[in-house]
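Following: one structure in structure tokens, then a few remarks.
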Protein chains: 2
Amino acid sequence: MAGSTGGDGQAAPTIYDVARAAGVAASTVSRAFARPARVNAETAGRIRRIAEEMGYRTNPLARALLNERSSMIALAISDITNPYCFEIIRGAQAAAMEVGYTMLLADGQESDRLERETLDRAARTVEGIVLASTRMSDTSIRMMAKLRPLIVLNRAVAGVPSVVTDYRHGMREAVEHLHGLGHSHITYLAGPEAAWSDGIRWQALREAGVEWGLRLHRLGPYPPTMLGGVAAADDFWRRSTSAVIAYNDLVALGLLRGLSAAGVRVPQDVSVVGCDNIFGTDLVTPGLTTLAAPLRFLGRTAVQSLLALISGAQPPVDKPVSIPTRLVVRASTDERRPARLAPPAIPVRPPISTPAGTPAT
Amino acid sequence: MAGSTGGDGQAAPTIYDVARAAGVAASTVSRAFARPARVNAETAGRIRRIAEEMGYRTNPLARALLNERSSMIALAISDITNPYCFEIIRGAQAAAMEVGYTMLLADGQESDRLERETLDRAARTVEGIVLASTRMSDTSIRMMAKLRPLIVLNRAVAGVPSVVTDYRHGMREAVEHLHGLGHSHITYLAGPEAAWSDGIRWQALREAGVEWGLRLHRLGPYPPTMLGGVAAADDFWRRSTSAVIAYNDLVALGLLRGLSAAGVRVPQDVSVVGCDNIFGTDLVTPGLTTLAAPLRFLGRTAVQSLLALISGAQPPVDKPVSIPTRLVVRASTDERRPARLAPPAIPVRPPISTPAGTPAT
DNA sequence: CTGAAAGCGCTAACAA
DNA sequence: TTGTTAGCGCTTTCAG
């Protein structure tokens, strides 16, 4: 048998088919689904039964054409493979599904152009957009926001409602933690300059530094990847402080690898702190102390805000919804050892390998 | 100003607006975009320019209503937070984007019912479906496949075209590797019984065992998560062999953790092999030896097959497209040490802690 | 090469 | 409570 490969069985029944079978008008069928209260209970029941039998499903496209209610939202992500996104996607998806919405995924593949193109195509189809991580400029975002209800995640754009992580408070906690361990100098490994979250983290860090009387250094920017972290290890080598806070966990993970390859021990020689608490941070040895962003909750909150926006709410466009962080302390941070000021005796600095093999403990 | 929060600026221009502005009929505008060859070159140019100026974008919904060509495909995933999925999603998304398709993400959250519901809703909207990891039964899948062009990933369903990983060959390689290290007994930690990939891996493993003269044991099934792996460590304790192959990397990772907590050394006491090569396998210490599935390529291939199917190709429904694996050897496998037969002297087995801050994937 | 008209499946008005 | 009608924005005939 030729295999019923294609998906084209008999045409799907339309609302008219159901109406005919039930001996009512199409609008009645429509009502039976949308506003059962406005239909004779018995009739409604019969219609629903017949529809069920015929395997009728309302065509969302047709509905949307009329209504602008496609029951779809778009989630824009600049790089799907970043573990940072996974939990956000999950949270967003769950929140959307709960209210019968479908999620359309727009991965910009780290390209501003691709991202806008995708979003442009999707914009007409969806009822709203969540920008979860984006390469787009504030201006582009504002234009997008004019087109469709839109929520930005972890970024503040004037005039556009957003949901952000409370890094200010979180960074203070992280610095307090390091201060408590006896560190007096902290190096910050910066992320992409264009990233709003890099700016806010650095700023929060500096404020916290003042508050706790610590000296801050800044290195970078580095790509927000493990490779970026490995490169950072290379630079950090020169002017190392006893504690580092990395732009995000990937960088911190790469840093751990780079330091380990260079024979620097964590936490004995250096304490390392990451950001986000992504998958993998407690897999590595030592486990990474990190400022945990409630990623799933962020995704969920963003979608819920978006849905509110869609149904006409007027969220504050200049006071982002702020979600608290939690400092997850693992083994990568420890008391400052006075001994460390003399760097480990390594005659020739070994080449720092790209993340191929394993970190040699 | 009250903040232009909602996304409702002036209504988007329709094809009629453009037609009027250009002084032609709507059908001409339509043609100017779809079949420029059939329009006077100059007119076509003018129309396109005007359309551009007005910011006209064709409404995909309206087009789809008429055509059934929504330029959307659905990717169904049973659990988005499983790192196994990330690269698949990425590959699929890239392939879709390349040809101007948008991807709709259907996360079933590990529930058969949710998955079908979501898919059911999406089915009408999309041109085709990729089932990347699914809790659905063969029967449900076949029904789905009747409704829409559909490709299954890493699963063989009679009558439905699929793209699978070549575990048969891969497992042979893994066993050969362990055999080469001097292991003579291998324990397989089974995944969910319903999972096609569990069946195929076990079967491939047994065949390879026969071929290389190794004895196989089977433990489980375990949930395909880190927690499952931790639990497996608990059982494995009893009848440990010198080598283990886990259903997937998450289980292997959990196993590493459980063994480490119990004082069993890897690879000195036990060699561990995982499956898939997900993110994190080279983060852990020791690095996990794993049978790498080309996840991104799988996603890409599945989408490409789907697109072919949509355009009327008749792929073989009973011979899945098979993608080769690659054995990634890291530190978790090593020569069998004769000494290990005497288990490490641990008076009281320490409690095996659950992974603390891990996303319970 | 271009225009007019019909209609995809649905729902919101309005009428009965 | 139910039916009738019109039309969402687009494309595809079919005439011109």
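Throughout, protein chains are lettered first and strands after them, A, B, ... in sequence-line order, and every chain is numbered starting at 1. Heavy-atom basis, side chains included; hydrogens, waters and symmetry copies ignored.
- Between D:dG3 and A:Thr28, a contact under 4.0 Å exists linking OP1 or OP2 to a side-chain N or O.
- A salt bridge is absent between B:Arg57 and B:Glu52: the closest approach of a Lys/Arg side-chain nitrogen to an acidic carboxylate oxygen does not fall below 4.0 angstrom.
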Exercise for review: For each nucleotide in nucleotides 8-14 of chain C, reading 5' to 3', give B when a protein heavy atom comes within less than 4.0 Å of its base, S when such contact involves only the sugar-phosphate, and - otherwise.
Suggested key: BBBBBB-
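- Counting all heavy atoms, side chain and backbone alike, A:Trp196 lies closest to A:Asn154 at CE3-O, 3.2 Å.
- A salt bridge links A:Glu117 with A:Arg113; the closest basic N to acidic carboxylate O contact falls under 4.0 Å.
- At a threshold of 4.0 Å, the pair B:Glu68-B:Arg63 does not count as salt-bridged, since none of the basic side-chain nitrogens sits closer than that to a carboxylate oxygen.
- Among residues two or more places apart in sequence or in another chain, the salt bridge (Lys or Arg N to Asp or Glu O under 4.0 Å) test is passed with A:Arg90 by B:Asp79, B:Asp107.
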